[in-house]
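Since this is a predicted model, take the numbers as computed values, not measurements.
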Amino acid sequence: MLCGRKFRFRSADGAADLRNDMKNTVLTFKEAKQTGRKISMVTAYDYSMARLVDEAGIDAILVGDSLGNVVLGYEDTCPVTMDEMVHHTKAVTRGVEHTFVVADMPFLSYQTSVYDAVVNAGRLIKEGRAQAVKLEGGTDMADRIEAIVKAQIPVMAHLGLTPQSVNSFGGYKVQGKAEQDARALVESAKAVEAAGAFSVVLECVPADLAAYVSSVLTIPTIGIGAGAGCDGQVLVYHDMMGITRGHTAKFVKKFAEAGDVMVEALKEYKKEVEEQSFPAKEHTYKIDAEVMEKIRSEQA
Ligand code: KIV
């Protein structure tokens with residue numbers, strides 16, 4: 001049986017290549033690394049967001065466990081559960097036609113055992129309908145990556161500032177600055193590649209180190225706070241859209257002030273409701289005058 005999903009590539013100017021008017025896959029990542037085309041990735045957590053990202057022609061969506069911070073209001077990503085990830089991954093995958101979807105494995109869904117890692121990765125594919133999973137960790141998680149890949153599930157690794165380790169790190173800090181840490185990061189990058197990861201996120205890593213890692217790996221690196229030398233970039237949707245209120249990290253660029261636009265729209269809505277200029281005639285439905293007359297007379 002031929003799968004209902006279509007697979008396609010996008011050229012640098014965003015136009016679909018008609019010979020390959022199809023859905024992005026792990027091969028899109030491989031091809032981008034080989035040709036030097038930079039990969040675009042952004043987080044999304046629901047159907048409507050996913051549709052917009054897909055419409056914009058972004059290569060990949062990460063259903064990140066940053067869901068905990070920006071959607072569910074948790075203090076960090078540690079409380080996020082498998083059920084929450086599956087629920088939001090389902091919503092995202094229903095919204096995409098072309099964009100590749102990677103779902104994050106939440107805290108303690110893979111650290112506990114190789115068995116747990118495979119079963120939980122499987123849920124994100126089987127129930128969530130993601131095409132790949134992401135997990136945090138390098139050399140220490142290589143056996144999990146290997147087992148998940150053996151189960152035919154593509155894995156994106158995540159090195160550097162791994163937010164699920166916030167309590168061990170003692171906060172959100174740039175990783176890999178000291179010689180020993182930089183060396184460990186390079187070793188971890190090689191270990192996840194050897195374990196079969198198809199790509200690796202480098203978060204909050206000095207730009208020169210990230211560029212070096214990108215040059216020694218054959219799989220693409222996706223940077224967030226790791227400079228332009230990575231093979232692609234990922235940002236949290238709410239941060240890049242200007243929806244996040246309060247502090248954002250130095251590496252965030254706001255590509256819009258959507259939060260301000262939304263607040264202004266909400267204020268205008270409140271005003272129009274209070275002054276009764278909304279809803280206007282064009283927002284209402286008609287009923288036949290005779291029917292209304294009958295209703296009124298029956299009630300009188
Ligand atoms: O959960 C997330 O959004 C992430 C990105 C920051 C890479 O892991």
Side-chain angles (χ1 to χ4, degrees), residues 39-56 58-96 99-109 120 124 128-130 132-136 156 158-167 169 171-175 201-205 222-226 232-266:
I39 298 163
S40 56
M41 187 173 201
V42 67
T43 68
Y45 315 97
D46 68 36
Y47 171 80
S48 298
M49 292 167 76
R51 285 197 63 167
L52 295 176
V53 174
D54 190 78
E55 188 181 323
I58 299 283
D59 291 309
I61 284 176
L62 172 65
V63 188
D65 61 355
S66 50
L67 165 77
N69 306 90
V70 299
V71 175
L72 302 177
Y74 299 146
E75 200 178 320
D76 52 50
T77 58
C78 294
V80 176
T81 66
M82 268 305 298
D83 285 347
E84 286 166 345
M85 287 308 304
V86 167
H87 178 78
H88 285 270
T89 302
K90 276 182 179 176
V92 166
T93 53
R94 284 193 289 260
V96 298
T99 306
F100 186 76
V101 179
V102 182
D104 240 341
M105 299 197 67
F107 183 53
L108 295 193
S109 68
N120 286 317
L124 293 166
R129 305 302 293 128
V133 300
K134 177 169 82 58
L135 58 80
E136 298 181 6
M156 178 177 273
H158 185 160
L159 302 174
L161 199 182
T162 45
Q164 292 172 17
S165 304
V166 61
N167 295 313
F169 289 152
Y172 297 100
K173 300 171 197 305
V174 179
Q175 300 294 311
V201 168
L202 300 177
E203 179 167 355
C204 260
V205 170
I222 307 295
I224 174 162
Q233 299 293 324
V234 60
L235 280 175
V236 170
Y237 186 95
H238 294 63
D239 293 346
M240 64 159 296
M241 290 295 183
I243 297 170
T244 302
R245 290 341 223 180
H247 171 78
T248 52
K250 176 186 175 181
F251 59 75
V252 171
K253 176 175 174 182
K254 286 188 193 176
F255 286 83
E257 289 292 354
D260 291 347
V261 171
M262 288 175 183
V263 170
E264 279 317 304
L266 290 164

Heavy-atom closest pair, residues [X] and [Y]:
| X | Y | value |
| --- | --- | --- |
| T89 | L124 | OG1-CD2, 4.1 Å |
| A50 | V92 | CB-O, 3.4 Å |
| P106 | M82 | CD-SD, 3.5 Å |
| Y45 | S66 | OH-OG, 2.7 Å |
| V63 | M85 | O-CE, 3.1 Å |
| N69 | E75 | ND2-O, 3.5 Å |

Output yes when a side-chain donor or acceptor of [X] lies under 3.5 Å from a complementary backbone atom of [Y], and no otherwise.
| X | Y | answer |
| --- | --- | --- |
| D59 | M41 | no |
| T81 | E84 | yes |
| D54 | T99 | yes |
| N120 | S109 | yes |
| T77 | D65 | no |
| Q164 | M105 | yes |
| T93 | A130 | no |

Any non-hydrogen side-chain atom of [X] less than 4.5 Å from a side-chain atom of [Y]?
| X | Y | answer |
| --- | --- | --- |
| P163 | H158 | yes |
| I243 | Y237 | yes |
| V53 | V96 | no |
| D76 | F107 | no |
| N167 | C78 | yes |
| T43 | M49 | no |

Could you grab the distance from atom [atom1] of [X] to atom [atom2] of [Y], nearest 0.5 Å is fine?
| X | Y | atom1 | atom2 | value |
| --- | --- | --- | --- | --- |
| L67 | H87 | CG | NE2 | 9.0 Å |
| Q233 | I58 | CD | CD1 | 11.5 Å |
| L161 | Y172 | CG | OH | 8.0 Å |
| D46 | R51 | CG | CZ | 12.0 Å |

Exercise for the section: Would you mind telling me which of I224, T162, I222 makes a side-chain contact (heavy atoms from CB on, under 4.5 Å) with E203? Expected result: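 Testing each of I224, T162, I222 against E203, the sole residue satisfying side-chain contact (heavy atoms from CB on, under 4.5 Å) is I224.
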Handout entry: Short N-O contact, R245 and D260, less than 4.0 angstrom
Key =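 Yes, charged N to carboxylate O under 4.0 Å.
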